[in-house]
Amino acid sequence: MKIVLIGPQGSGKGTQAKILKERLNIPHISTGDMFRENINNKTELGMKAKAIIESGGLVPDELTTAMVRDRLSNPDCRKGFLLDGYPRNRSQAEALEGFAKIDHALDIEIPDALSIKRLSSRWQCRKCGAIYGITIIPKKKGICDKDGSELYQRDDDKPEAIRKRLEIYHKETKPLIDFYTKKGVLARIDGDQPVENMLKDILGKIS
Ligand code: AMP
Ligand code: ZN
């Protein structure tokens with residue numbers, strides 16, 4: 001069960017991946033999370049990626065692909081994985097072909113206006129990574145329900161960076177829909193529906 005998740009920022013692919021990873025018992029590999037972890041730990045990779053990520057740009061392909069290839073070589077990926085945020089462009093998709101055979105590419109689409117609305121109201125827990133937004137509102141403003149830690153807004157969820165990320169999505173990532181259609185593994189999912197319904201759609205497509 002080797003799955004890649006495509007879809008613009010705020011389409012809910014991260015939320016679905018967190019549920020699917022439990023259901024399917026395969027790891028959720030989010031390149032965005034990996035980069036943010038590297039930034040927090042001030043690793044060499046983190047230092048290189050920090051400014052690019054904060055501005056909403058893409059980290060160079062060589063660095064990103066090396067990080068993913070290394071992660072997928074881990075034994076926990078043998079049965080499968082959910083790749084979230086990679087590939088992001090054609091050159092990454094071609095590189096991935098060289099070290100993994102993808103069974104399903106799920107394209108979770110939403111209109112730009114909804115992306116912008118969701119991202120600009122997204123707040124995340126510093127400690128456990130829980131995400132709050134339009135539908136899941138914390139009981140106490142700015143505080144995580146689960147552990148009482150502070151919620152923060154990602155630098156790249158600020159308006160200027162959101163605009164840039166969506167522009168890159170349309171220009172670089174969307175062509176992957178065609179790429180995976182040609183490989184016969186693409187499934188389209190409507191991202192503008194409740195979490196439970198989307199999950200049902202996804203499970204239907206991959207079973
Ligand atoms: P995400 O959490 O998926 O929105 O990723 C956050 C940021 O990490 C992106 O805006 C990029 O700067 C960087 N990033 C994540 N995945 C990739 C990738 N596959 N290629 C290049 N940059 C990436
Ligand atoms: Zn928390």
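Excluded from the calculations below are hydrogen atoms, water molecules and symmetry mates; all remaining heavy atoms, backbone and side chain alike, are included. We count ligands from 1, going down the list as the structure has it; atoms in each ligand are counted the same way.
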Geometric cation-pi criterion Lys182 and Phe179, 6.0 Å radius, 45° cone: no

Ligand 1 contact by Met34, heavy-atom criterion under 4.0 angstrom: no

Angle at the Zn ion (ligand 2) (to 10°), with one arm to OD2 of Asp147 and the other to SG of Cys128: 90°

At the Zn ion (ligand 2): angle between Cys125 atom SG and Cys144 atom SG, to 10 degrees: 110°

Which protein heavy atom lies closest to [atom], and at what distance to 0.1 Å?
atom	value
atom 16 (N) of ligand 1	Thr31 OG1, 2.7 Å
atom 4 (O) of ligand 1	Arg165 NH2, 3.2 Å
atom 22 (N) of ligand 1	Val59 N, 3.1 Å
atom 3 (O) of ligand 1	Arg88 NH1, 3.1 Å
atom 23 (C) of ligand 1	Phe35 CE1, 3.7 Å
atom 18 (C) of ligand 1	Thr64 CG2, 3.5 Å

For the student: nearest non-hydrogen atoms of Cys77 and Ile29, plus distance: SG-CD1, 3.6 Å

Asp190 side chain near Glu109 side chain, heavy-atom distance below 4.5 Å: no

Contact check, side chains of Glu150 and Ile143, non-hydrogen atoms, under 4.5 Å: no

Using a 4.0 Å cut-off to any heavy atom of [X], which atoms of ligand 1 qualify?
X	result
Arg36	2 (O), 6 (C)
Asp156	6 (C)
Gly57	10 (O), 11 (C), 12 (O)
Tyr86	19 (N)

Could you tell me whether [X] and ligand 1 have an N or O pair separated by under 3.5 Å?
X	value
Arg154	yes
Gly85	yes
Gln92	yes

Heteroatom N/O/S of Asp145 within less than 2.8 Å of the Zn ion (ligand 2): no

Pair [X]-[Y], side-chain donor/acceptor within less than 3.5 Å:
X	Y	answer
Gln193	Asp201	yes
Thr43	Asn41	no
Asp112	His170	yes
Tyr169	Ser115	no

Heavy-atom proximity to atom 13 (C) of ligand 1, best of Asp61, Asp84, Ile53: Ile53

Identified salt bridge (charged side-chain N to carboxylate O under 4.0 Å, His left out) partner of Glu97 from the options Arg69, Lys183, Arg90, Lys2: Lys183

Heavy atoms of other groups near Lys127 NZ, more than 12 under 6.0 Å: no

Residues, nucleotides or ligands: over 12 heavy atoms within 6.0 Å of Glu167 CD: no

